[in-house]
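Structure, as structure tokens:
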Amino acid sequence: AFSALLVGVYRGKKLHYTGKIGTGFSDKLQKEMMKQFAALVRSTNPFDEEPDVNKPSRFRPNPPHAEVTWLKPALVCEVSYTEMTTDGVMRHPSFEGMRIDKKASQVKEEKAMAVTKAAVKKTAKKSPPKKKAKGTPRKAAGPTSTKTGRAGSLLKKAAKAERKTLLNPADASQERTVNGEKLKFSNLDKIYWPKEKYTKRDMLNYYYKVAPYMLPYLKDRPQSLNRYPNGINGPSFYQKDVKGKVPEWIRTFPYRSEDEARDKEFLVASNEASLLYMASLGAIEINPWSSTIRKPDQPDWCIIDLDPDTNTFEKVIETARVTKEVLDAIKVDCYVKTSGSTGIHIYIPLGAKYTYEQSKEFARAIVTIVQSQLPGFTSIERATKLRKGKIYLDFLQNRPQATLAAPYSVRPKPGATVSAPLDWDEVKKGLKLKDFTIFNMPDRLAGIGDIFKPVLGKGINMKTAIKNIESVFEV
DNA sequence: ACATAGC
DNA sequence: GCTATGTCAGGTGCT
DNA sequence: AGCACC
Ligand SMILES: [Mn+2]
Ligand SMILES: [Mn+2]
């Protein structure tokens, strides 16, 4: 298979590079295309200038190494994209299909058109095959947004442009209606990140932009609020019980704590308005349960939380890779994200089919194997004193009421970092937590979409997985 | 943000 | 009446 | 029962 297509258009006699397409083709279609490509392989670059296929982009800061296979520029395909960047390549390109009706030599740059026609571009091409990665670099934002509309039903899945901004840069206090609820945002000029001078407004605008991608991981889940009303260097506090303290449209989930004989209520996220409401309270971090109120004791995912303590992030990356190998060996799907702070989170989809207890014990089995393979710098001891500074393979977050920073959650850390879902091919030397922030995550999402989505899928078969553990690892 | 204690 | 201060977690593994 | 930990 190939990871991306390099395409271009003719300027006079010269074929000019216009970008790399990494999405929009199915596995089946890819197979057919590869057959077609076989006869067109050539040894030299057909473009006027050779593109750098390994150039990092803003949303793939550390792309997997790609090798190019050049093709004769004989084939034409259709591509949707949101605009041309200042570097002259397509922004958020997505493959829309081959065009057997067009000759390669006819493919010219399209002019900006009215909103009714063509977000479409025809191009001749060649391709850089690679294993299975999905790379799609591009660079820097254009200064204006060249409006390219959608050509109706022709485009099934055009790359989405970033959502527009929620709050204006001028007023310190603003009201907006979201999901039919009037939300008041105040203290918008308050500096939440002093070193960078990022404000509460910056954070709220971020949450608004990513809300559609983030909501599935929050909806119907009780929340543990961790509030920083005066920014990341100010005092913070936890808030779980919101009974009588939130507007009536905010959903809640009743509970009783062990010691206190008082009725309490968790806040439950239900829509964008509730996400923005939490953020407006200074909840920089969003910390949802792993289960929903529909099945409060049955988590949708199992978490393996890698906490580095004194170790380098390189070692955490190595630990994540070993964890992935162990899970691959027993045929268990898993997905990975940066914590946004110092560690890495690995999620295994459970489909709300098992209890927290089962999830925890499954995680324990996995991390026990990982620890035995990396005894030098990992630990599963709960007591920090016994860990001796090793990476903690934390499986104990798989219990009722425990939370972790959600996918795409902002963290109260320098740089306004966010928890960033990753492709496994990005989890390698060179990965940096600080590469993912409130300012570049919306672009990455528009480009590659929510790659964490399978976490909410059908879920693994734990019985089969445990059987595989027994046979593969002889435990 | 809000309740209560203290001046 | 005004300002200062306090409060806004909690279950669990373990000793 | 109390503490440490997340
Ligand atoms: Mn962690
Ligand atoms: Mn942890």
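Chain A is the first sequence line, chain B the second, and so forth, proteins listed ahead of strands; every chain is numbered from 1.
Note on A:R227: nothing from the nucleic acid sits closer than 4.0 angstrom, heavy atoms only.
Between the P atom of D:dC6 and the CZ atom of A:F237 lies a distance of 22 Å, rounded to the nearest Å. Taking atom CD of residue A:E265 and atom C1' of nucleotide C:dA9, one finds them 16 Å apart after rounding to whole Å. With rounding to whole Å, A:D259 atom CG is found 7 Å from C:dG10 atom P. In this entry the distance linking CG of A:N398 with P of C:dT12 reads 13 Å, nearest Å. If you measure from atom CD of A:E381 to atom C1' of D:dA4, you get 14 Å, rounded to the nearest angstrom. The separation between A:D297 atom CG and C:dG11 atom C1' is 13 Å, rounded to whole Å. Taking atom CG on A:N226 and atom P on C:dA9, their separation rounds to 12 Å, with Å as the unit. The CG-C1' distance, from A:L396 to C:dG13, rounds to 7 Å in whole Å.
A cation-pi contact links A:R163 to A:Y208, judged by a cut-off of 6.0 Å to the six-membered ring centre and 45° from its axis.
Checking the phosphate oxygens (OP1, OP2) of C:dG10, a side-chain nitrogen or oxygen of A:Y255 falls inside 4.0 Å. Here A:K360 reaches the OP1 or OP2 of C:dG13: one of its side-chain N or O atoms lies under 4.0 Å away. Distances shorter than 4.0 Å separate some side-chain N or O of A:R387 from OP1 or OP2 on D:dC6. Distances shown here put a side-chain N or O of A:K264 below 4.0 Å from the OP1 or OP2 atom of C:dG10.
Heavy-atom neighbours of A:D27 CG from other residues, nucleotides or ligands within 6.0 Å: at or below the threshold of 12.
Looking at the side chain of A:K245, the nearest of the listed nucleotides D:dC6, C:dC8, B:dA1 is C:dC8.
Counting heavy atoms from C-beta on, the side chains of A:Y335 and A:I451 never come closer than 4.5 Å. The closest side-chain heavy-atom distance from A:K264 to A:K240 is not below 4.5 Å. Under the 4.5 Å side-chain criterion, counting only non-hydrogen atoms from C-beta, A:R411 is not in contact with A:V418.
With both ends at atom C1', the span from D:dC3 to C:dA9 equals 16 Å, rounded to whole Å. To the nearest whole angstrom, the two P atoms, one in C:dG10 and one in B:dA1, are 22 Å apart.
Both A:R382 and A:D241 lie close to DNA chain C; mapped to their nearest nucleotides by heavy-atom distance, the more 5′-ward contact belongs to A:D241.
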